[in-house]
A.B. asks: 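Dropping the structure in here first, questions after.
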Amino acid sequence: MWSTPHGGDRWRTSGCPLHTVQLVQNEAMYIVLGAADPAQEGTGSREGISLLRTDASGTPADGTEVLDRATLAGALRRIEEAEHPRWVWDRTRDWYPELLAAGVAVERCHDLTLCSAILRSSEFTAGTGYAANAERPVMDDPPPLQALPALPAAPDQDALFDDPAGPSGADLAAATDLLEELRRQLEAVRQSTHPGRLSLLLAAESAGALIAAEMQHAGVPWSTDVHEAVLEEYLGARPAGYQRPEKLEALAAELRAVLGAPALNPDSPQELMRALHRAGIEVKTTRSWELQQVHHPAVAPLLRYKKLSRLHTANGWAWLDAWVDGGRFRPEYVVGGVVSGRWASRGGGALQIPRQIRSAARADRGWKLIVADAAQLEPRVLVALAQDSTMAAAARGKDLYAGIAAQGFGGGDRAKAKGALLGAIYGATTGESGRLLPELTRTYPRAVGYVEAAAKEGARGGVVTTRLGRSCPPPSERWRQAQHTTSAEEQRRADALARSRGRFTRNFVVQGSAADWAACWLAELRRRLRAMPAQPEGRPELVFFLHDEVMVHAPEEAVPAVVEAVEASAAAAKELLFGRIPVEFPVSVAVVDSYDQAK
DNA sequence: ACCTTAGGCGCG
DNA sequence: AAAGCGCGCCTAAGGT
């Protein structure tokens, strides 16, 4: 029986069966890659790559080896095949794209920069002194995204390591320094309050860095023809230069006529607002949802214009020119780009591919897309975190919200159940979900209590932590200053700031733990895909990942095995995070020719 | 001529 | 049907 009437750790969540899943392999040998250390090697050359072997505790196994840049890729391939090490480097994104371009893939790594960021802020390592010692130039935060030059659609990867100004060039850290940092990190994990969870998180994060580079290398198979056909259908023929497409211009003309504003530029919110007011349409903003409430002949063409204009500017011909090359869409994924552990992206809007154009993402002939997403991931993660037995019972089926409604919540209305639960996770205060919160709290005190506690901790300036140990940033100095004030006016501002931070931390524990789960899912799936035998056409490849959704491009013969791997990996991720608990994390899997056919 | 911010909207 | 979380990217608008 997994449910006991009161208190304590009611579910057995310890004893993650790490041996069943090889995400974390402690027996793996580490090989540190960095610059040859001039002091030790006496070469004085920064061109050489130094390679240090260590055992699983970070103790050097034998002497260093210095590799020539020109022969590096070949040497790494041989070592990878013979020794299956865990490669250690400062930043995966500095090494791996070039290795992939040279045809070298590695099984696993330890990304010192990403792991450093986690360990520095994690509450689990607060007592280890790691944070105080980690302030070293090589482990500094990556520069802000705006400071980085935008990448072209397909980075020129012809020449391996021949760019002296490249990231693995002159600023490469000495391997001996990196080894020292690795040992500090391993020690921090050992001394932490949850070594098992943290080592899992570091392994998953590092695997994510490998996967991000591999996905950018592979790209999403993308049909320019299909995309252009969609654009022509919605917008008309491709315009010359920077003109509006035909159908967009026609809508603009209609709008000008209906509003009696012959010079109106509908792209200008200010002009649009004035024209709407002159026509007697009293809106406070020009947002679509507000316009939808209004009955006026201008509304329909305006909404249509906005929709098409969005398609044209965000994912039109210019987007195709910039981001699709050689039949592949190659966005850049930024692992560690979101504090919650989600990935960010840069270029091409990879996290916002609109439904309108998803038909252009299509499998090669003889191949399929396997599109899988975790059903209602965040609510299920909350159930597991909070160990809410009542809600777990509602989560037995495939549809958690229907299960909650079936337990009588909201008068059995599924939409109300969904709204209330998501509202609790996001911190809604008004509207229907706000009104339903008391009932939700009465019915599921543990689940609601869990996010309420996180909100309370954040509002008082505290830090909260995900299941595997990723902690949110502390409040800024300005936030803390604002909290003790005397004037009533400033106190209201301070309270608003406190509530805002509360909503952030409330959501952080759920979104971040869901990201923990997804990272393990993805890493385990990659491991299983790599273990599959190659088909004559090639082997399955991960081509896309979006928070709780993955896409695999695979030869048809491999499809059943891929589907099985997707599902097994989801089950494995659950056990890795929570052990054997009575909560399922079902994935819905679609085998399709194009992305739009999936849900 | 550039850079930043705001409004708006796409995705989860 | 929309407020409450996390993002990126577009244009217009308001700076310097």
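Note that the coordinates shown come from a computational prediction; the quantities given were computed from them, not determined experimentally.
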A.B. asks: Output the pairing pattern of DNA chain C as a dot-bracket string, 5' first, Watson-Crick or G-U wobble with both distances under 3.5 Å, | for cross-strand pairs, [ ] for crossing pairs.
C.D. replies: ....||||||||||||
A.B. asks: Checking contacts here: which listed nucleotide (C:dA3, C:dC5, B:dC11) is nearest the side-chain heavy atoms of A:Tyr426?
C.D. replies: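 Nucleotide nearest to A:Tyr426's side chain: C:dC5.
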A.B. asks: Any carboxylate oxygen within less than 4.0 angstrom of a Lys/Arg side-chain nitrogen, looking at A:Glu271 and A:Arg274?
C.D. replies: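 Not counted as a salt bridge, because no side-chain N and carboxylate O are separated by less than 4.0 Å.
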A.B. asks: Categorize A:Gly347 for me: base, sugar-phosphate, or nothing, with a 4.0 angstrom heavy-atom threshold over every strand shown.
C.D. replies: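 If one applies the 4.0 Å heavy-atom cut-off, A:Gly347 turns out to touch the sugar-phosphate alone, with no base involved.
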A.B. asks: Considering every strand and a 4.0 Å limit on heavy-atom distances, what is the contact class for A:Leu422: base, sugar-phosphate, or nothing?
C.D. replies: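 Nothing, no nucleic acid heavy atom in range.
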A.B. asks: Name the residue from A:Arg499, A:Arg492, A:Gln491 that meets the side chain to side chain donor-acceptor pair (under 3.5 Å) definition with A:Asp495.
C.D. replies: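 Only match with A:Asp495 under side chain to side chain donor-acceptor pair (under 3.5 Å): A:Gln491.
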A.B. asks: Check the distance between B:dG10's C1' and A:Glu549's CD and give it to me in whole angstrom.
C.D. replies: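 Interatomic distance, CD of A:Glu549 to C1' of B:dG10: 14 Å.
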A.B. asks: Is there a residue in residues 493-507 of chain A whose heavy atoms reach under 4.0 Å of DNA chain C, and which residues are they?
C.D. replies: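 Within residues 493-507 of chain A, the residues near DNA chain C are A:Arg503, A:Phe504, A:Asn507.
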A.B. asks: Between A:Ala424 and A:Gln352, which is nearer to the 5' end of DNA chain C once each is assigned its nearest nucleotide?
C.D. replies: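 Comparing both residues, the 5'-ward one is A:Ala424.
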A.B. asks: Looking for any heavy atom pair under 4.0 Å, which part of the strands does A:Gly348 touch: base, sugar-phosphate only, or nothing?
C.D. replies: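 Result for A:Gly348 = sugar-phosphate.
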A.B. asks: What pairs with A:Ala590 under side chain to side chain contact (heavy atoms under 4.5 Å, CB included), at least two apart in sequence or on another chain?
C.D. replies: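 Counting only residues at least two positions away or on another chain, A:Ala590 forms a side chain to side chain contact (heavy atoms under 4.5 Å, CB included) with A:Val592, A:Ala598.
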A.B. asks: Any salt bridge between A:Arg414 and A:Asp399, counting N to O under 4.0 Å?
C.D. replies: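 Result for this pair is yes, salt bridge flagged.
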A.B. asks: Which residues within residues 297-316 of chain A lie with some heavy atom under 4.0 Å of an atom in DNA chain B?
C.D. replies: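 Heavy-atom cutoff 4.0 Å gives A:Lys306, A:Lys307, A:Arg310.
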A.B. asks: How would you label the contact of A:Leu351 with the nucleic acid (heavy atoms, under 4.0 Å): base, sugar-phosphate, or nothing?
C.D. replies: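 Since a base atom lies under 4.0 Å of A:Leu351, the category is base.
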A.B. asks: Could you state the CD-P distance from A:Glu332 to C:dG8, rounded to the nearest angstrom?
C.D. replies: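 These atoms are roughly 11 Å apart.
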A.B. asks: Which is true for A:Arg435 with a 4.0 Å heavy-atom rule: it touches a base, it touches only sugar-phosphate, or it touches nothing?
C.D. replies: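 It contacts nothing in the nucleic acid.
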A.B. asks: Within residues 258-293 of chain A, which residues have any heavy atom lying less than 4.0 Å from an atom of DNA chain B?
C.D. replies: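 Listed by number, they are A:Thr285, A:Thr286, A:Arg287, A:Ser288.
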A.B. asks: Mind checking what makes salt bridge (charged side-chain N to carboxylate O under 4.0 Å, His left out) contact with A:Glu457, not counting sequence neighbours?
C.D. replies: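 Checked A:Glu457 against salt bridge (charged side-chain N to carboxylate O under 4.0 Å, His left out); matches are A:Arg460.
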A.B. asks: Taking atom P of C:dC5 as reference, at what distance in whole Å does atom CD of A:Glu378 sit?
C.D. replies: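 Distance check: A:Glu378 CD to C:dC5 P gives 13 Å.
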A.B. asks: Taking everything shown except A:Lys574 itself, do over 12 heavy atoms lie less than 6.0 Å from its NZ?
C.D. replies: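 Above 12, so yes.
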A.B. asks: Taking only Lys NZ, Arg NE, NH1 and NH2, and the carboxylate oxygens of Asp or Glu, determine whether A:Arg91 and A:Asp111 approach each other closer than 4.0 Å.
C.D. replies: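 Salt bridge flag = no for A:Asp111 with A:Arg91.
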A.B. asks: Taking the basic N atoms (NZ, or NE/NH1/NH2) and the acidic carboxylate oxygens, is any pair closer than 4.0 Å for A:Arg93 and A:Glu332?
C.D. replies: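 No.
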A.B. asks: Between A:Phe578 and A:Phe585, how do the two ring planes meet: parallel, tilted or perpendicular, split at 30° and 60°?
C.D. replies: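 Aromatic pair A:Phe578/A:Phe585 classed parallel.
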A.B. asks: Using ring centroids (six-membered ring only for Trp), state whether A:Trp319 and A:Phe329 fall under 6.0 Å.
C.D. replies: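 Close enough - the centres of the two rings lie under 6.0 Å apart.
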A.B. asks: State, without any angle test, whether A:Tyr401 and A:Asp413 hold a side-chain donor-acceptor pair at a distance under 3.5 Å.
C.D. replies: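 Side chains of A:Tyr401 and A:Asp413: no pair found under 3.5 Å.
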A.B. asks: Inspect the contact between A:Glu249 and A:Arg256 and indicate whether a charged nitrogen and a carboxylate oxygen are less than 4.0 angstrom apart.
C.D. replies: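 Salt bridge between A:Arg256 and A:Glu249, a charged N being under 4.0 Å from a carboxylate O: yes.
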A.B. asks: Salt bridge or not for A:Glu584 and A:Lys398, using N-O below 4.0 Å?
C.D. replies: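 Salt bridge between A:Glu584 and A:Lys398, a charged N being under 4.0 Å from a carboxylate O: no.
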A.B. asks: What's A:Gly349 touching, base or sugar-phosphate or nothing? Going by heavy atoms closer than 4.0 Å.
C.D. replies: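 Sugar-phosphate contact only - A:Gly349 comes under 4.0 Å of backbone atoms but never of a base.
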A.B. asks: Between A:Arg355 and A:Tyr595, does any side-chain donor sit less than 3.5 Å from a side-chain acceptor?
C.D. replies: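 No, no side-chain donor-acceptor pair sits under 3.5 Å.
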